[in-house]
Each structure stands twice: as structure tokens, then as C-alpha cells.
Amino acid sequence: MFALVDCNNFYVSCERAFQPALNGVPVVVLSNNDGCIVSRSAEAKALGIKMGEPLFQVRPLIEQHRVKVFSSNYALYGDMSSRVMNYLTEAAPEVEIYSADEAFLGLHGMARYLGSLETYARRIRAEVRQRTHIPTCVGIAPTKTLAKLANRVAKKDPTLDGVLSLETPEARQWALAKVPVQDVWGIGRQYAIKLHAQGIATAADLARCSDAYARKHLGGVVGARLVRELQGFPCHNLAPSEDGALSRQSIACTRTFGRPLNELADICGAVAAFASRAAEKLRRQGSVAHVLTVFISQNRFGPAPPPHTRSAQLTLPTATSSTLDLVSYATAILNRIWQPGQTYVKAGVILDGFEAAGQPQLSLFEKAPELTHPQASALMQRLDQLNARFGRAAVQVAAALPSQPKPRGTKAAPGVPWQGQQQHRTPAVTTSWDELWEIG
DNA sequence: TCTGGGGTCCTAGGACCC
DNA sequence: TCTGGGGTCCTAGGACCC
């Protein structure tokens, strides 16, 4: 059996945890750059504000109903997420952290010891709420896909009080019939259109499909597994998270700029900063990367036809996690793809092809790579320590700093040219000394 | 004026190898 | 007319997830 614990409206709930006055009123949280709606309270959903909608399109609705609006505060959400996950790691023998706000618990053979899994789930839910003020729902089922489905039904049906267990076939049939096919985990927009056109409207309909049908219409083996999981046959194992942290196969840092940019120096600063961030994340998970991709994008909503993005990928001679290496490779790639006279609105750096740091895999017949310079590695360690202590980006490579102010008489825009808007951000009350709550 | 930022897995096709 | 049968690696792209 699996349990899926999923936080309700996670970003909004994090804001509410420190501002109880937000309870009961409509609240939304915005994406980076204050562009789109990415989290909504139940009251905001009821007003018809949709997930992913651009802020400027719903502004009338927001003003009319006095919806509270917040820029995203990832320092706060990340910290709240670890609090929730740390507790879950204590509370269950096996935990897979699936995202910032969701975790699968492995409950194989646990019913013997726990008695009712549903009672256990209710206890977990109450504990998470008491410790963090974050509301959750829990779904229990023999497969991950059914646990997701159970969780969804628990969220929608208030009489269930946040927990639904699908341990019996009867319970499963009942739940499958209630869920529209587009709400099944793994059915997105494209598949939903196709399925409805063929008369498959609910999860129960989908669970009755043949293996051949699933393979043909739902992306091959992926779709076949999806249908099997709905039928109650597990195809996905738990992937337990070590140390309560996620370990990635790729790491990206990509951003829309605060305003469109056409100066190479400005874009170069952005790319250097993104490469630095990506390198930090890479070191934190103890990996080195072999492959580096840089891309720059023009406005995809503008009149110009696609493609809007230029990118290039580089296989590095030696896998590395050094900020200095990655910044210099990244800016070299940028110089190859940047075109003068064009205006760019976004850039990104993506790292791939990971190995564990300190033990690169040697391929047969290849010469051993040069050892990482101990000095460079010590330097990166100091860099990470300083930034942990004095705040992110306290120490940076010079390339990531904004270029020098322009000569007098020309008007220089204030601040870092590529940095985005954050007009509605709350303080990082749990992670920043400067922004701690003052009581008194 | 204003439109996010991460990730995953899978497939197909081409180059190349024996 | 007929024209092997595997492999691997890489890239691009699609679909999905939170």
C-alpha cells in the first residue's frame, strides 16, 4: 500500500501559516516576475481564477473581490517544505519526496502493526497541521496512481475530512467512477481531448481499456502502465529519498528578465549568475556535470514566428561542479548563440550528465581524467560556506555582477538589469536574519 | 505596458559499429 | 525481383507532472 500526502494550495498555505488574517479570504501567489497565478486559495478558485493565468488578465477580478496577492517567496516555501518532509520521514518507514508539497509513503505490510491505515493517515494529517499549520490530504491505495486518485477525491469531497483509503475493490470502483478522466495522474490536455472524443470520460472507463489501446493512444508503455495501475496492479515502486532531499538528473536555472535586453554584457551577466546558481545546486547534491546547455529566448507572444529560442549544448572535457568552470563555459556558449540587434526576454542554463563528485566513471580504454584541482574544490567549499552564512550571492563571480554604470549623461536603468519583479513579496521570516519577525 | 520555473520519461530516427 | 541483423549513442521532440 502507498499513501500520498499532499499539501493543499501549498504556497498560499505557507503565507497563511504566518498571517492568520489570510484565512477565509481569497489569496493567490504569483510566479517569478509576478507573471502568472501559481497557487490559489479555495476562495480564489471559487471566484474563477485559474491556475497559470497571467496576472494582468485577472486583475479586474482581483481588484473587485479584494483578493490578496503575493509574489512567490521560495526561501519560505522551501523551508516549510523541509519541515513537512522531515516530519513525514520520522513518521513513516519509507518516504519518497515527490515534490515540494507531496510525498509518497510506503506502507507495505504496515496494516498489521498500525491497525487501520486510515486512522494512521488521520494522525499524520493532524501532526503536520499542528507542527507547520499546513493543511494536507491523504490518499491510500495499492498503487501510486490510485493513491493520487484517492487524494484527489479526498480533496474534493468535504465529507471525507481529508482522507480516503482505497484498500478494497469496492472502494476503488466507487472512486474511479467519480473522477473525470482528465484528472487522472498522467492524463494531460492532449490525451484528455483524445479520450473524450472516443467516449472515455471517467477514470473507471479508462481502467476498462485494453493494454493494446493504452499502448496505441497513450504514449506506449507509459499508457499501458497507467491503465494497469488504475486496475490495482502496481507498476511504479517507491523511490525512497535519501536524507530527505531530492537528487536530480538535471539541474536548470532559467529566468525571464525584468525587462527585455539586447546588450550582450547584460545577458552575459544573467547567464553567469544562472550558471553560478546551477553550480551551487549541483554541489549541494554532491554531483559533477558533464553536459552544459545554454539558451536565450525572444518574446514568444510577439509577432515574430517561431523559433523564439536559440540554444547550444556542450559536452565538457571533464565533469565539473566548479562555478568558475561552468561560468566560463556558459558565457562561451552564449557568445556563440547571441545575435546582435535581437531582443531577448529570457535565458537559462541547464546541467546534465551527472556523476558522483570525486568518483568519475572511467570508460574502458579512456585515459583517467585529470583530478580536480584540490585548490579549486576548496575554493568552492569556501564560497558555499560564505554564501550560506551571509546570504545567497554574498560572494559571486564578477561576471555575474551588473555591468558598470554607463557614462554620465546617459541614463542607466537602476538595479540588476535582468532581475525580475517582486512587488508583493512577504519577508523570509524563517530563513533570513534580516527578515525575522519582530515581536514586542 | 504585463504571459513561470522547474523537472520526468519515452520514442523515433540517424550515425556508426561489428 | 532479391539487398542481414543486431547493437549503441546521440539528438530532437512530445507528453506529462508540480
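All chains are named by letter (A, B, ...) in the order of the sequence lines, taking the proteins before the strands, and each is independently numbered beginning at 1. Computation of the quantities below employed the complete heavy-atom set of this structure, encompassing side-chain atoms and omitting hydrogens, waters and symmetry-equivalent molecules.
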Asks: Any side-chain heavy-atom pair from A:T136 and A:R129 closer than 4.5 angstrom?
Replies: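 No, side chains not in contact.
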Asks: Quickly work out the A:N33 CG to B:dG5 C1' distance and round it to whole Å.
Replies: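 Going from CG in A:N33 over to C1' in B:dG5 covers 11 Å.
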Asks: Would you say a side-chain N or O of A:K148 is under 4.0 Å from OP1 or OP2 of C:dC17?
Replies: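 Indeed not, no polar side-chain atom of A:K148 lies that close.
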Asks: How many whole angstroms separate atom NZ of A:K155 from atom P of C:dC18?
Replies: 10 Å
Asks: Below 4.0 angstrom from OP1 or OP2 of B:dG5, is there any side-chain N or O of A:K346?
Replies: yes
Asks: With a cut-off of less than 4.0 Å, is there a side-chain N or O of A:Q190 near OP1 or OP2 of C:dG14?
Replies: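 For C:dG14, neither OP1 nor OP2 has a side-chain N or O of A:Q190 closer than 4.0 Å.
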Asks: Roughly how far apart, to the nearest Å, are C:dC17 and B:dG4 at atom C1'?
Replies: 15 Å
Asks: Rounded to whole Å, please give me the gap between CD in A:Q313 and C1' in C:dG13.
Replies: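 Answer to the nearest Å: 14 Å.
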Asks: What is the distance, to the nearest angstrom, from the CZ atom on A:R189 to the C1' atom on C:dA15?
Replies: 12 Å
Asks: Does the structure show a Watson-Crick or G-U wobble partner for C:dG6, both distances under 3.5 Å? Name it, or say none.
Replies: B:dC17
Asks: Output the rounded distance in Å from CZ (A:F295) to P (B:dG5).
Replies: 8 Å
Asks: Rounding to a whole Å, what distance do you find between A:K216:NZ and C:dG14:C1'?
Replies: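 About 18 Å, once rounded to whole Å.
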Asks: Between A:D6 and A:K155 (salt bridge meaning N to carboxylate O under 4.0 Å), is one present in this structure?
Replies: yes
Asks: Between A:R255 and B:dG6, does any side-chain N or O lie under 4.0 Å from OP1 or OP2?
Replies: yes
Asks: What nucleic acid atoms does A:Q249 come within less than 4.0 Å of, heavy atoms only: base, sugar-phosphate, or nothing?
Replies: sugar-phosphate
Asks: Looking for any heavy atom pair under 4.0 Å, which part of the strands does A:V58 touch: base, sugar-phosphate only, or nothing?
Replies: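 Contact class for A:V58: none.
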Asks: According to a strict under-4.0 Å criterion, is A:S99 in side-chain N/O contact with OP1 or OP2 of C:dC17?
Replies: no
Asks: From CE of A:M51 over to C1' of B:dT3, roughly how many Å is that when rounded to an integer?
Replies: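 Atom CE in A:M51 sits about 14 Å away from atom C1' in B:dT3.
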Asks: Quick check: on DNA chain B, is the nucleotide nearest A:R59 upstream (toward 5') of the one nearest A:A252, or the reverse? Name the residue that is more 5'.
Replies: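 Mapping each residue to its closest nucleotide by heavy atoms, the 5'-most match is A:R59.
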Asks: Let's see if you can work this out: which of C:dC18, C:dA15, B:dT3 has an atom nearest to the side-chain heavy atoms of A:F56?
Replies: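 Shortest atom-to-atom distance from the side chain points to B:dT3.
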Asks: Checking contacts here: which listed nucleotide (B:dC2, B:dC10, C:dC18) is nearest the side-chain heavy atoms of A:V222?
Replies: B:dC10
Asks: Reading DNA chain B from 5' onward, which residue's closest nucleotide shows up sooner: A:R300 or A:R225?
Replies: A:R300
Asks: Classify A:V38 by what it touches in the nucleic acid, base, sugar-phosphate, or nothing, heavy-atom distance under 4.0 Å.
Replies: base
Asks: Measure from the side-chain heavy atoms of A:R248 and tell me the nearest of C:dC18, B:dG5, B:dG7.
Replies: B:dG7
Asks: I'd like to know if the side chain of A:S287 reaches the main chain of A:R283, judged simply by a donor and an acceptor atom lying under 3.5 Å from each other, with no hydrogens or angles considered.
Replies: no
Asks: In whole Å, I'd like the distance from the CG atom of A:D352 to the P atom of C:dA12.
Replies: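 Nearest whole value for this atom pair: 12 Å.
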Asks: Please determine, for the side chain of A:T254, which listed nucleotide (B:dG6, B:dG4, C:dC16) has the closest atom?
Replies: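 The listed nucleotide nearest to A:T254's side chain is B:dG6.
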Asks: At under 4.0 Å between heavy atoms, what does A:I251 touch on the DNA or RNA strands: base, sugar-phosphate, or nothing?
Replies: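 Sugar-phosphate contact only.
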Asks: Is A:K194 touching bases, backbone alone, or none of the nucleic acid, heavy atoms closer than 4.0 Å?
Replies: nothing
Asks: Could you tell me whether A:F10 contacts a base, only the sugar-phosphate backbone, or nothing, with contacts defined as non-hydrogen atoms closer than 4.0 Å?
Replies: nothing
Asks: Between the side chains of A:E167 and A:R172, is the shortest nitrogen-to-carboxylate-oxygen separation below 4.0 Å, so that they form an ion pair?
Replies: no
Asks: Look at all strands and tell whether A:D34 reaches a base, only sugar-phosphate, or nothing, counting heavy atoms closer than 4.0 Å.
Replies: nothing
Asks: So, are A:D161 and A:R122 salt-bridged, with charged N and O less than 4.0 Å apart?
Replies: yes
Asks: Please check the phosphate of B:dG5 (OP1 and OP2 only) for any side-chain N or O of A:S31 closer than 4.0 Å.
Replies: no
Asks: Quick test of your reading of the model: are A:K148 and A:E102 salt-bridged, counting only N-O distances below 4.0 Å?
Replies: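 Counted as a salt bridge, because a side-chain N and a carboxylate O are separated by less than 4.0 Å.
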Asks: Answer yes or no as to whether B:dT3 has its base stacked against A:F301, where stacking requires a ring-centre separation under 5.5 angstrom and planes under 30 degrees apart.
Replies: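 The base of B:dT3 is stacked with A:F301 (centres under 5.5 Å, planes under 30°).
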Asks: Assess whether a salt bridge exists between A:E43 and A:R66, defined as any Lys/Arg side-chain N lying under 4.0 Å from an Asp/Glu carboxylate O.
Replies: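 No, this pair does not count.
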Asks: Is the shortest side-chain heavy-atom distance between A:N237 and A:F2 below 4.5 Å?
Replies: no
Asks: Closer than 4.0 Å, any side-chain N/O of A:S250 to the OP1 or OP2 of B:dT8?
Replies: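 For A:S250, the contact criterion (side-chain N or O under 4.0 Å from OP1 or OP2 of B:dT8) is met.
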Asks: Within the structure shown, what part of the strands sits under 4.0 Å from A:E102 by heavy-atom distance: base, sugar-phosphate, or nothing?
Replies: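 The answer is sugar-phosphate, as A:E102 gets under 4.0 Å only of primed atoms, P, OP1 or OP2.
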Asks: Please work out if A:I187 contacts a base, only the sugar-phosphate, or nothing of the nucleic acid, heavy-atom cut-off 4.0 Å.
Replies: sugar-phosphate
Asks: Check every strand shown and say whether A:N32 touches a base, only sugar-phosphate, or nothing at a heavy-atom separation below 4.0 Å.
Replies: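 Touches sugar-phosphate only.
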Asks: As a test of reading the structure: which of B:dG5, B:dT11, C:dC18 is closest to the side chain of A:V221, going by heavy atoms?
Replies: B:dT11
